[in-house]
Amino acid sequence: MNDQIFETVVTTQSPEGVAHIAPMGVRYQAGRVVLMPFKPSTTLANIVATRHAVLNLITDTRVFAGCVTGRRQWPLLQAERIAGQRLACALHHVELQLEEHGDDPQRPVLRLARVHEASHAPFMGLNRAQAAVVEGAVLVSRLHMLAPEKIDAEMAYLQIAIDKTAGAGEHEAWGWLQQAVAAHREKAGSR
């Protein structure tokens with residue numbers, strides 16, 4: 001398997017039609033999209049139940065930061081060939097169908113085939129602040145696992161890119177991440 005992981009946002013929906021949005025690292029293997037969600041997860045449950053998902057390729061990093069800080073309401077549009085939805089801000093989306101489900105006690109391997117894909121806007125490139133927000137979102141998703149010193153050092157380094165290249169969206173997303181770190185510290189300090 002290719003160990004290169006690409007940061008994307010996966011949208012799924014429950015059998016009842018309730019949408020779920022989650023940042024997720026994906027791998028590409030032999031034309032398939034490979035997901036390895038942790039157990040338990042809404043993404044995993046939805047894909048197993050409906051056999052569908054949508055891969056969203058985006059540059060609006062507020063979605064990454066928003067999802068890890070409790071802001072999961074983002075505008076969605078109906079998928080074209082599957083029962084599902086895509087992010088309205090997606091530059092490109094890929095509609096997927098589950099082909100293989102390799103179970104695992106911690107991280108099942110889901111191999112999904114491309115059913116349909118479409119481009120919606122040109123990719124103009126990334127700025128360093130966008131990459132910093134994505135890395136910051138990964139840190140926030142792991143606050144319970146990392147030492148405070150590691151979080152402080154990483155956030156301080158990422159702040160440089162925010163200061164130099166962030167637009168309004170990246171500043172907003174970065175603020176959410178900083179609030180999440182502060183709330184985590186406050187909660188940890190009250191124990």
Query raised in the report: Would Glu170 and Asn127 count as a side-chain contact (heavy atoms from CB on, under 4.5 Å) if you check the C-alpha gap in whole Å, the side-chain angles of each, and the deciding distance to 0.1 Å?
Result: CA-CA 10 Å; Glu170 292 84 30; Asn127 66 46; 4.1 Å; yes

Report task. Give the intermediate values and the outcome of side-chain contact (heavy atoms from CB on, under 4.5 Å) for residues Val48 and His101. Result -> CA-CA 8 Å; Val48 170; His101 175 194; 3.6 Å; yes

Report task. Check the pair Val68, Trp176 against side-chain contact (heavy atoms from CB on, under 4.5 Å), reporting the backbone distance first and the verdict last. Result -> CA-CA 9 Å; Val68 300; Trp176 297 340; over 6 Å; no

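Counting only heavy atoms from C-beta outward, the side chains of Met155 and Gln178 approach each other to under 4.5 Å. Arg72 has its side chain within reach of His20: a pair of non-hydrogen atoms, C-beta onward, lies under 4.5 Å apart. For the pair Arg114 and Leu96, the minimum side-chain heavy-atom distance is below 4.5 Å. Counting only heavy atoms from C-beta outward, the side chains of Tyr28 and Val34 never approach each other to under 4.5 Å. Val109 places none of its side-chain heavy atoms less than 4.5 Å from the side chain of Arg107. Two residues are said to be in side-chain contact when any heavy atoms from C-beta on lie closer than 4.5 Å; Lys150 and Pro148 fail this criterion.
In this structure, CD1 on Ile151 lies 10.0 Å from CE on Met145, to the nearest 0.5 angstrom. The line from OG1 of Thr50 to CD1 of Ile82 is 7.5 Å long, rounded to the nearest 0.5 Å. Going from atom CD of Glu7 over to atom OG1 of Thr61 covers 12.5 Å, rounded to the nearest 0.5 Å. A distance of 5.0 Å separates SG of Cys89 from CD1 of Ile58, quoted to the nearest 0.5 Å. How far CG of Leu177 is from OG of Ser141: 10.0 Å, rounded to the nearest 0.5 Å. Separating the CG atom in Leu44 from the CE atom in Met36 is a distance of 11.5 Å, to the nearest 0.5 Å.
Scanning both residues, Leu112 and Ala53, for their nearest heavy atoms gives CD2-CB, 4.4 Å. Pairing each heavy atom of Trp174 with each of Ala132, the nearest pair is CZ3-O, 3.8 Å. Residues Asn46 and Ser14 come closest through the heavy atom pair OD1-CA, 3.4 Å. In plain terms, the two heavy atoms of Ala19 and Leu76 that are nearest each other are CB-CD1, 3.5 Å. Nearest heavy atom pair, residue Val133 against residue Ala65, reads CG1-CB, 4.0 Å.
If you chain together hydrophobic residues whose side chains sit under 4.5 Å apart, Val10 and Val63 never meet in one group. Under the 4.5 Å side-chain contact rule for hydrophobic residues, Val94 and Trp74 do not share a cluster. No continuous path of ILVMFWY side-chain contacts below 4.5 Å connects Val138 to Ile5, so the two sit in separate hydrophobic clusters. With hydrophobic clusters built from ILVMFWY side chains whose heavy atoms lie under 4.5 angstrom apart, Leu110 shares a cluster with Phe6. Under a hydrophobic clustering in which Ile, Leu, Val, Met, Phe, Trp and Tyr are joined whenever their side-chain heavy atoms come within less than 4.5 Å, directly or via other members, Leu55 and Met24 fall into the same cluster.
A donor-acceptor pair is defined here as one N or O able to donate and one able to accept, closer than 3.5 Å; no such pair exists between the side chain of Lys39 and the backbone of Pro108. Without hydrogens or angle criteria, Arg62 side chain to His171 main chain gives no donor-acceptor distance under 3.5 Å. Judged by distance alone, the side chain of Glu80 and the main-chain N or O of His116 form no donor-acceptor pair under 3.5 Å. Between the side chain of Arg51 and the backbone N or O of Gln97 there is no donor-acceptor pair closer than 3.5 Å. Judged by distance alone, the side chain of His184 and the main-chain N or O of Ala182 form no donor-acceptor pair under 3.5 Å. Between the side chain of Thr12 and the backbone N or O of Thr43, no donor-acceptor pair lies under 3.5 Å. Remark: side-chain polar atoms of Ser41 are not paired, donor with acceptor, to backbone N or O of Pro37 under 3.5 angstrom.
In this model, no donor atom of one side chain and acceptor atom of the other lie less than 3.5 Å apart for Gln130 and Glu135. Asn56 and Thr8 form no side-chain donor-acceptor contact under 3.5 Å, judged by distance and modelled atom types alone. A donor-acceptor pair shorter than 3.5 Å can be found between the side chains of Gln29 and Arg111. Remark: the Ser119 side chain and the His92 side chain contain an N/O donor-acceptor pair separated by less than 3.5 Å.
Taking 4.0 Å as the cut-off between side-chain N and carboxylate O, Glu99 and Arg32 count as a salt-bridged pair. We find that Arg128 and Asp163 are not joined by a salt bridge, their nearest charged nitrogen and carboxylate oxygen being 4.0 Å or further apart.
Taking Ile, Leu, Val, Met, Phe, Trp and Tyr as members and joining any whose side-chain heavy atoms lie under 4.5 Å apart, directly or through other members, the hydrophobic cluster of Leu126 also contains Leu91, Phe123.
Between His93 and His120, a ring centre-to-centre spacing shorter than 6.0 Å is recorded.
By the 6.0 Å contact criterion, CD on Gln73 is open, its count of non-hydrogen atoms from other residues, nucleotides or ligands being 12 or less.
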